[in-house]
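A short worksheet on the structure shown next.
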Amino acid sequence: MTHPPSTPTIPWHALEAGAAIEQLRSDGTDGLSTHEVAIRSAEYGPNALPEAVRRSAFVLLLRQFMSPLIYILFIAAGLAGAMGHWGDATVILGVVVAN
């Protein structure tokens, strides 16, 4: 028992424009008919991207401090302050805040 050879299918986005329009059963100048739009919307859902997750400004601010480099700079500022180098500690903290 042998199976017929399968023909590789090329994704529509990799085809030439005319072939893609033909494979998608569309019209190059007018697009889809209103009836075809309704059918495809019912079958595939709306043509829309999912809504992005909204984060508060406070959460965005806190996320800026979630980096190993920021932790190293905080440690450096603390060590500089502990050694009495307040100017260096201030500059390091200024860099962190400016970033």
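- Distance check: Leu62 CG to Ser56 OG gives 8.0 Å after rounding to the nearest 0.5 Å.
- Under a hydrophobic-cluster definition in which Ile, Leu, Val, Met, Phe, Trp and Tyr are linked whenever side-chain heavy atoms come within less than 4.5 Å, directly or via other members, Phe74 and Ile92 are assigned to the same cluster.
- Taking each heavy atom of Asp27 and Thr29 in turn, the nearest pair found is OD1-N, 3.0 Å.
- Residue Gln64 holds its CD atom at 7.5 Å from CG of Leu60, rounded to the nearest 0.5 Å.
- Taking hydrophobic clusters as Ile, Leu, Val, Met, Phe, Trp and Tyr residues chained together by side-chain heavy-atom distances below 4.5 Å, Leu93 shares a cluster with Ile70.
- Sorted by first and then second residue, the pairs that involve residues 39-60 and meet salt bridge (Lys or Arg N to Asp or Glu O under 4.0 Å), not counting sequence neighbours, are Glu36-Arg40.
- Ala80 and Ala89 get closest at one heavy-atom pair: CB-N, 3.9 Å.
- No more than 12 heavy atoms of other residues, nucleotides or ligands lie within 6.0 Å of CD in Glu22, so this atom counts as exposed by the packing criterion.
- Distance check: Gln23 CD to Glu16 CD gives 13.0 Å after rounding to the nearest 0.5 Å.
- Under the 4.5 Å side-chain heavy-atom criterion for ILVMFWY residues, a single connected hydrophobic cluster contains both Leu61 and Val96.
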